[in-house]
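Position 1 is the first residue of the sequence; numbering continues from there.
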Amino acid sequence: MLQVALAQVRLNARRFIAVSLAVMIAVGFLTATLVINSSSKASLAESVGEGFRNADLILTSEAPYFTDDGVVLRDDAAAAARNTAGVDAVYPVEQAFVAFNDGKKKVYAMLTNTPDEAALLPVDVALGTLPSNDTQVAVDQTTADRHGLSIGSILPVQPGDEASGSRTVDLVVSAVVSASNDPTQMGTPQLYSSAATAALFADPDRGFASIQLALADGSSASGVRAELEQDLTAAGLDGIAVRTSAEQTDEVVAGFTGGEDALTLVLLAFAAVALLVCALVVSNTFSVLVAQRTRELALLRCIGASRSQIRRSVITEALLVGIVASIAGVAAAIGLVAAIVAYLKGIPESGFATLAVAPSAIITGLVIGVLLTLLSALVPARSATAVAPLAALRPADDVRAGTRRGRVRLGIGLLLLAGGGALLGYGAVISDLLFAVPGGMLSFVGILMCATLFVPSLVRTVGALAAPLGVPGKLAAVNAVRNPQRTSATSSALLIGVTLVAMMMTGAATARTSLDSVLAAEFPVEVSVRGGVLGDTPLTAADAQTARGVDGVAEAFLLPVVGTTQMYGTTEAVYALDPAEAAAVLQDQSLKLSPGTILMPQNTTASTVTIQGAASTVELDVVASGSGQMRPLISTETAAALGGVPEAGDAYLQPQIWISVQEGLSNGELQDLQSELAEALGVEEYMVSGTVIERMAFEQVIDVLLMVVTGLLAVAVMIALVGVANTLSLSVLERTRESSLLRALGLTRGQLRGMLALEALLIAGVAALLGCVLGAGYGWLGAKSALGSFANVAVAVPWLQLAAVLAVAVLAGLAASVLPARRAARLSPVAGLAAD
């Protein structure tokens, strides 16, 4: 029977093309997920490990310094390391958060001491020499380029924390070093100085970040570590870990991921969807292939082939297809990830990207692909031997509601649908995803189980719309449901992908609408710019005029500090604004500034508030706003009586600028606006906030997630469309004589192609339409479950996006019919009628 299976695969290779393609895409997706996981870990390790790449052993505290059981790394630990035999050099790494002024604005940076042994420094010197005295500093290349620093530049460095004081030390740039790829420092300016200079700014309570050791030639890392651990224990320093560079890298990476690979889990979830859709396509295809060969299989039975031999023949065909397609899928996945890594290596910020192909990824992809194909072919293989040889084998009976199997399937499906739907609804009502997610999954499985019972009816109902198209339309409606089980399986494959895509689109649209309402209530204005920290120049009316000139800004007004009040146990600034100006920038137009009143945050419970000014104290009636970010605000008329700010508040109470933006700005334009405002006003970007800035950040996350998820789910839709094309192709082969008879009776080639196109349109259209409806419902309930606890979730259906999904599915279904229709139309009526 092996020869029979090989002959079938060889002679009917085109029948297996679609099956192979579906398996290849699904296996490729799964393998790519696993390879991306291993590559991301390797890339992260390459990046994280750069901070101690030149060390042989690293000492770190087992617990953070601020916990009760944390051991702070101090000089006693460094001394113990120096006294250990086999240790050649010791590098106690001391870091401090500092700031420097580049002539335009204050820049925050990380200052690290240099080692006595230059070989232990984790970065390379690109220009100049490392600091040789306490007045020199080295800067990374990115910082030097960004702030115009070079050898000999004077860098005024001061503590980055206000609590540490305001002393400034002028340091001379003596070297430019490579920027570290350590993710804890990437994007932060990196400075390197002598140990004495670093100690001026470091918090002594924190101790050293780590102690890095270089071993003498010929020393064993394991032997030195064992002796060092004994010395530390003897010194009463039991909470210090001694690890190799590789072990420390693994420890830090585990800390970043929390011991879990959340991204991999998400990708594997989508891979599972692709595999499920692939299994439907493969099983459906093999069922049709077995049904087509009923006479051939019956003949084999009649000449002596046993049931087990027939079954093994079909399984062997599936095995061959699964092996070839799985190998192709694994190879394609590795090639794709390798191309992505090669591209990333060309980007300076991602030069540490590393390709890591774990053997487990290859083995998993091959095993899952082969098992998937074999399991999907089991039912068709059983069907091949279920009928006696002389009974002229025909396709298995449809699973209808009237049959025993149909009633069982309907009962289970309805039970899952009812139970899962109730669980999903309960999760949406109480806003709990722990109930909603499993409820959604169970209800959707129930829908798929019942698909055989309602999809054909829907196709038949929609098919009635094709009747006005004449004979091709009527025949298409009948042929589309001739094999209800096959139609349901093909529709279900497409239904899964479209439902999930529509769900994500609806959920994203609903989340945007809900977040807009939350942000509008939280922030009083669209954009606000707050003053800097101690020592910075306060914002002025000239700055407001500058902000007004930035592209995208409609109005900008300065809010000077006119007094102080006690709020939440601390002294807070009170701001003043002209009522007309307030009306131009406040989002809540119901709020009015009037004499004798003060606008306060939404959670203010007092009915009156006392305002302290330099000349007098006044008591004002409170008007609570709906915004939690509202600052105490009074009218300029009321502020005139205060006589200015009390002297005690001058040092730390800073003016603000409130801004309204022009209508219709995109996320990219808003991001540019934030950067341009920060640059124009000489402040950090985080000091520019407000509704539109926060909305931009949320929408960027939503857009990226939606793009990634839609791209991943497109794999499932692609596999499903392969199934549509395969179903039509097999249907054409099954109905060769019928199609030829229709041609002989007068049906033109164009009408025959139109009939098959309408079949594809009905199958794809009904599945896509049903998927859009289900996806919209699941998306809204999912958003309500996730966001209902802090926002009023109103359904927002992205009609245009769903219409686009429906149009794409329909057009793809039509495209899937091109090759089968062309094949059917090319066959002459005489040749078709002669076919057996």
Exercise. Quick one: does Ile211's side chain get under 4.5 Å of Thr60's, heavy atoms only?
Worked result: no
Exercise. How close do Val177 and Ala138 get, heavy atom to heavy atom, and via which atoms?
Worked result: CG1-CB, 4.2 Å
Problem set entry | Criterion side chain to side chain contact (heavy atoms under 4.5 Å, CB included) against Val337, the qualifying member of Thr31, Leu355, Thr33 | Leu355
Exercise. Is there side-chain contact between Leu228 and Val242, with heavy atoms separated by less than 4.5 Å?
Worked result: yes
Exercise. Got Leu215 and Leu57 here, is their nearest side-chain heavy-atom distance under 4.5 Å?
Worked result: yes
Exercise. Listed by chain and number, what are the ring pair (Phe, Tyr, Trp, His ring centres under 6.0 Å) partners of Phe52, not counting sequence neighbours?
Worked result: none
Problem set entry | Heavy-atom check, side chain of Thr197 versus side chain of Ser194, under 4.5 Å | yes
For this session: Ignoring hydrogens and angles, tell me if any N or O in the side chain of Asn54 forms a donor-acceptor pair with the backbone of Leu121 under 3.5 Å.
Result: yes
For this session: Calculate, to the nearest 0.5 Å, the distance between atoms CG and CD belonging to Leu149 and Gln141 respectively.
Result: 10.5 Å
Exercise. So which heavy atom on Val72 is nearest to which on Gly207, and how close?
Worked result: CG1-CA, 3.5 Å
Exercise. What distance separates Leu232 CG from Ile240 CD1, expressed to the nearest 0.5 Å?
Worked result: 5.0 Å
Exercise. Does a side-chain heavy-atom distance below 4.5 Å link Phe208 with Leu59?
Worked result: no
Exercise. Does a donor on one side chain sit under 3.5 Å from an acceptor on the other, for Asp672 and Ser675?
Worked result: no
For this session: Measure across Ile151 and Gly128 and return the closest heavy-atom pair with its distance rounded to 0.1 Å.
Result: CD1-CA, 4.2 Å
Problem set entry | Between Arg53 and Ser245, a side-chain donor and acceptor under 3.5 Å | no
Exercise. Any side-chain heavy atom of Gln136 within less than 4.5 Å of one from Asn133?
Worked result: yes
Problem set entry | Sidechain N-carboxylate O distance under 4.0 Å for Arg631, Glu572 | yes
Exercise. Does any N or O in the side chain of Thr364 come within less than 3.5 Å of the main-chain N or O of Ala361, such that one atom is a donor and the other an acceptor?
Worked result: no
For this session: Working to the nearest 0.5 Å, report the span between CD1 of Ile58 and OG of Ser210.
Result: 7.5 Å
Exercise. Given side chains that start at C-beta, do those of Thr168 and Asp170 come closer than 4.5 Å, heavy atoms only?
Worked result: yes
Problem set entry | Salt bridge flag under 4.0 Å for residues Asp76 and Arg82 | no
Exercise. Are more than 12 heavy atoms from other residues, nucleotides or ligands located less than 6.0 Å from atom CD of Glu247?
Worked result: yes
Problem set entry | Closest approach of Pro131 to Ser193 (non-hydrogen atoms, all atoms of both residues) | CG-CA, 4.1 Å
Problem set entry | Distance, nearest 0.5 Å, that separates OG of Ser180 from CG of Asp140 | 9.0 Å
Exercise. Taking Asp432 for the side chain and Gly427 for the main chain, is one N or O donor matched with an acceptor at less than 3.5 Å?
Worked result: no
For this session: Please work out which of the three classes, parallel, tilted or perpendicular, describes the rings of His147 and Phe100, given edges at 30° and 60°.
Result: perpendicular
Exercise. Roughly how far, to the nearest 0.5 Å, is CG of Leu30 from CG of Leu366?
Worked result: 10.0 Å
Exercise. Heavy-atom distance under 4.5 Å between the side chains of Val137 and Val157, does that happen here?
Worked result: no
Problem set entry | Spacing of Leu130 atom CG and Ser174 atom OG [to the nearest 0.5 Å] | 7.0 Å
